[in-house]
Structure formats: C-alpha cells, structure tokens
Amino acid sequence: MLDSVTHSTFLSNTMVCDPLMSWTELFGTTEDGYPTCDHQTARDKACVRAGGINGQECHSHGRTNLQSSHLWEFVRDLLLSPEENGGILEWEDRGQGIFRVVKSEALAKMWGQRKKNDRMTYEKLSRALRYYYKTGILERVDRRLVYKFGKNAHGWQENKI
DNA sequence: CCTCACTTTCCTGCTT
DNA sequence: AAAGCAGGAAAGTGAG
C-alpha cells in the first residue's frame, strides 16, 4: 500500500487561520452523526462573504476563500490553500494540474459542510466530478483518486490568476 | 411559473 | 471484501 505521501500529513494543526471551522470541530467528535452545524459560530464563519475575508489570509497566496459555489472551484481553492486542506488534497503534478484526493471522506465532509448537506459522501461527490469530464473542466487520469484539471478549468496555475 | 446548468441521489456492474 | 470508477436516470436547487 505504500501510503507514502503524507510526510507530516497528520493534520497536526495547520489551522493557523481556519477560514471554516476547526478540524476538531469537523472530525473530532463527528463520525457521521454531525451535531456539527451549530447555530451561528460555525455557520457565520462558513458564510464569510467571498472576498470579504478582511485580508486575513495567512501567508502564501492571497486566496483563502473557499466560498466557491461550484465543486471544481471548491476543490481548486482547497488545493491552493495547503494551510487549510489539512492534507486532504495533494498536487501530484502541479504543472499539469494533476492532483490526488488523499482523504476522500474528509473531502466529502468538507464539501457537504460547504453545501450544508451532511449526507454527502465521496461516492456522490465523485459522481459530480465525473460529469466534469464531459465539459472539459477535468480530464480523466487512470489512477485511483487522481484527477486532472482540463482546458476549461482556470485559476489553478501558480502564475496565471 | 418555466428553463437551464449543476448537483445530488440511487443504481448496476466492473476494477483494483 | 472494501473502496473506487463508470455512467445512466431521475430528482433537487438556485439563478435568471
């Protein structure tokens, strides 16, 4: 199985400036029950208006906002903010836009959280990703949990923004 | 209210 | 055997 990967992917903390809720809040106690959705605290944080994140970006890219309405943008933004993705996603080949879903369940939970849908699963999320093959947002990669941005995807390259 | 694009849900079968 | 992958089909949603 050579997990390889994850040198220090133990979500140690990395939550230096969580844009959404904290990791513990997400996984610490919620296996699948999900009493999560508090009322306001967590919700408010998740509702920070896009671009309204008062320049609180951590170091690195000035893009710490996961408010994207579309799945592929959400994935892209997560990929672009390593501080927040806690090792969920990882670039396989940054130059070619190839990335791997390291923690499928976590990704599904995050997406579900974004859409306020606690029934989200990787099975379902991946179905949505598969539809992107038709529109050129993503390209198929013959490897488990590996995807590649297609010609119609934008904003994932370091230089081009 | 309707349409459209995107997403979710469910399913059957196949592959790793 | 469990987890992914493939897509078809159909229902749900939000924007316009």
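The figures that follow rest on heavy atoms only: side chains count, while hydrogens, waters and symmetry mates do not. A note on names: the letters A, B, ... follow the listed sequences, proteins ahead of strands, and every chain is numbered from 1.
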Mind calculating the distance between [atom1] ([X]) and [atom2] ([N]) to the nearest angstrom?
X	N	atom1	atom2	value
A:Arg130	B:dC10	CZ	C1'	12 Å
A:Trp72	B:dT8	CH2	P	16 Å
A:Leu138	C:dG7	CG	P	14 Å
A:Leu71	B:dA5	CG	C1'	14 Å
A:Met110	B:dT7	CE	P	18 Å
A:Leu129	C:dG4	CG	C1'	12 Å
A:His70	B:dA5	NE2	C1'	7 Å
A:Asp118	B:dT8	CG	C1'	13 Å

- Query: With a 4.0 Å cut-off on heavy atoms, is A:Trp111 in touch with a base, just the backbone sugar-phosphate, or nothing at all?
  - Reply: sugar-phosphate
- A:Leu125 near the nucleic acid: base, sugar-phosphate alone, or nothing, with a heavy-atom cut-off under 4.0 Å? nothing
Side-chain donor-acceptor pairs of residues 134-144 of chain A under 3.5 Å, sequence neighbours excluded:
residue: A:Thr135; atom: OG1; partner: A:Tyr132; partner atom: O; Å: 3.3
residue: A:Arg143; atom: NH1; partner: A:Glu92; partner atom: OE2; Å: 2.3

Please determine whether a side-chain nitrogen or oxygen atom of [X] lies at a distance below 4.0 Å from atom OP1 or OP2 of [N].
X	N	value
A:Lys115	B:dT7	no
A:Tyr132	B:dC6	no
A:Lys124	B:dT8	no
A:Arg127	C:dA10	no
A:Asn117	C:dT13	no
A:Ser104	C:dG4	yes

- Task: Side chain of A:Tyr122 only, please: which of B:dT9, B:dT8, C:dG4 is the nearest?
- Result: C:dG4
- Message: Which nucleotide wins on minimum distance to the side chain of A:Tyr131, given the candidates B:dT9, C:dA9, C:dC5?
- Response: C:dA9
- Message: Can you work out whether A:Arg119 or A:Thr135 has the more 5'-proximal nearest nucleotide on DNA chain B?
- Response: A:Thr135
- Message: Let me check something: do A:Leu89 and A:Val146 share a hydrophobic cluster, defined by ILVMFWY side-chain heavy atoms less than 4.5 Å apart, either directly or through other members?
- Response: no
- Shared hydrophobic cluster, A:Trp91 / A:Leu78 (ILVMFWY, side-chain heavy atoms < 4.5 Å): yes
- Nearest-nucleotide comparison on DNA chain C, the residue closer to the 5′ end among A:Lys134 and A:Glu123: A:Glu123
- Item | Side-chain heavy-atom pair A:Leu71, A:Trp111 within 4.5 angstrom cut-off | yes
- State whether A:Phe74 and A:Arg76 meet the cation-pi test: NZ (Lys) or CZ (Arg) under 6.0 Å from the six-membered ring centroid, and within 45° of the perpendicular axis. no
- Any strand, both distances under 3.5 Å, Watson-Crick or G-U wobble: C:dG14 pairs with B:dC4
- Closest approach of A:Glu158 to A:Arg94 (non-hydrogen atoms, all atoms of both residues): CG-NH2, 2.8 Å
